[in-house]
Amino acid sequence: MRLWLMKSEPDVFSITDLERLGQSIWEGVRNYQARNWMREMRLGDLVLFYHSNATPPGVVGVGKIVREAYPDPFQHDPKSDYYDPKSPVNEPRWSAVDLGFVERFPREVPLEAMKADPGLLGMKVLEKGSRLSVTPVDHAHFVWVLGLGGSALTLPT
DNA sequence: GCCAACGTTGGC
DNA sequence: GCCAACGTTGGC
């Protein structure tokens with residue numbers, strides 16, 4: 001199983017929305033590196049759910065991959081904000097996955113606390129200037145964030 | 001609202 | 001293929 005972090009602006013889609021819906025398409029990724037990582041996601045992979053442009057920004061819970069990468073339907077919808085007229089219909093450029101709700105942390109893990117924590121040294125999302133909305137997460141870092149969030153989850157080894 | 005960091009676009 | 005211009009992200 002691989003482990004990931006995905007960013008979402010809570011004004012657009014929050015952990016509360018995911019909890020209410022149970023699962024949701026994760027659409028609108030329009031960055032090639034993020035897309036490539038989404039294509040490597042497999043059923044059951046766990047995802048740290050990160051609120052960006054939030055007060056405070058940070059990890060708020062966990063999701064899991066419930067459907068592997070498929071063409072993002074919004075790329076061909078002219079009415080969508082995610083419309084990409086350059087994406088060939090017969091060879092779609094952008095992918096989506098479906099994310100299921102796993103848990104909301106008993107306490108949020110603010111970005112500031114993560115940056116200050118030696119246990120998370122080297123974590124991609126903490127690197128200066130990191131704007132990628134999808135990043136892989138080391139097993140040790142994932143477990144550490146679970147601890148900071150007060151999660152009762154245990155990962156398969 | 002500012003702006004640093006970074007990705008993409010398109011002229012040449 | 002270079003790179004200036006432009007657009008976006010996201011913390012602050």
Side-chain angles (χ1 to χ4, degrees), chain A residues 2-21 24-41 45-65 68-99 101-138 140-142 144-151:
Chain A
R2 300 185 68 175
L3 302 166
W4 311 92
L5 179 144
M6 297 173 96
K7 296 179 182 176
S8 182
E9 301 189 27
D11 289 348
V12 178
F13 190 80
S14 71
I15 188 75
T16 306
D17 296 320
L18 184 62
E19 181 169 24
R20 187 181 67 250
L21 295 170
S24 170
I25 181 174
W26 198 275
E27 83 284 19
V29 170
R30 296 293 179 268
N31 171 284
Y32 287 103
Q33 198 171 353
R35 179 205 68 181
N36 291 344
W37 269 321
M38 284 209 303
R39 288 179 176 178
E40 292 188 26
M41 293 175 170
D45 283 1
L46 293 177
V47 179
L48 294 174
F49 196 112
Y50 179 94
H51 281 172
S52 60
N53 276 315
T55 316
V59 178
V60 294
V62 177
K64 66 166 184 279
I65 301 303
E68 296 177 3
Y70 59 99
D72 182 339
F74 294 92
Q75 67 193 304
H76 296 131
D77 177 359
K79 296 188 296 293
S80 169
D81 287 344
Y82 300 128
Y83 179 53
D84 180 359
K86 293 179 181 169
S87 177
V89 174
N90 58 348
E91 196 182 345
R93 180 178 292 186
W94 305 113
S95 297
V97 295
D98 286 357
L99 190 72
F101 177 79
V102 174
E103 69 164 353
R104 173 194 281 273
F105 285 161
R107 50 179 185 271
E108 299 188 2
V109 182
L111 176 63
E112 188 179 22
M114 296 172 70
K115 282 180 173 173
D117 196 319
L120 297 177
L121 213 63
M123 194 172 174
K124 273 202 171 57
V125 75
L126 305 180
E127 286 171 10
K128 178 177 174 157
S130 167
R131 299 188 314 167
L132 263 191
S133 61
V134 180
T135 51
V137 177
D138 293 345
H141 289 159
F142 200 102
W144 196 260
V145 173
L146 291 182
L148 294 175
S151 170

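Please read all numbers here as calculations on a predicted model, not as lab measurements. Because only heavy atoms are used, hydrogens play no part in the values below, and waters and symmetry mates are left out as well, while side chains stay in. Residue numbers start from 1 in every chain, and the chains themselves are labelled A, B, ... in the order their sequence lines are given, proteins ahead of strands.
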Student: Would the distance check show the side chain of A:H141 and the main-chain N or O of A:L121 forming a donor-acceptor pair, the cut-off being under 3.5 Å?
Tutor: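 Here the side-chain-to-backbone pair exists.
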
Student: Has A:S8 got a side-chain atom pairing as donor or acceptor with A:F13's backbone, closer than 3.5 angstrom?
Tutor: yes

Student: Specify the residue among A:R30 and A:K128 whose closest nucleotide of DNA chain B lies further upstream toward the 5′ end.
Tutor: A:K128

Student: Heavy-atom nearest nucleotide on DNA chain B for A:N53 versus A:N31: which residue maps closer to 5'?
Tutor: A:N53

Student: Hey, where on DNA chain B does chain A first and last touch, going 5' to 3'? Cut-off is any atom under 4.0 Å from a heavy atom.
Tutor: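 Result: B:dA5 to B:dG10.
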
Student: Determine yes or no for a side-chain-to-main-chain donor-acceptor pair under 3.5 angstrom, with A:R2 supplying the side chain and A:P136 the backbone.
Tutor: no

Student: Can you tell me if A:W144 has over 12 outside heavy atoms packed within less than 6.0 Å of its CH2?
Tutor: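 Counting other residues, nucleotides and ligands, CH2 of A:W144 stays at 12 neighbours or fewer.
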
Student: What's the verdict on ring-ring contact (aromatic ring centres under 6.0 Å, His included) for A:Y32 and A:W94, showing C-alpha distance, side-chain angles and the deciding distance?
Tutor: CA-CA 8 Å; A:Y32 287 103; A:W94 305 113; 4.7 Å; yes

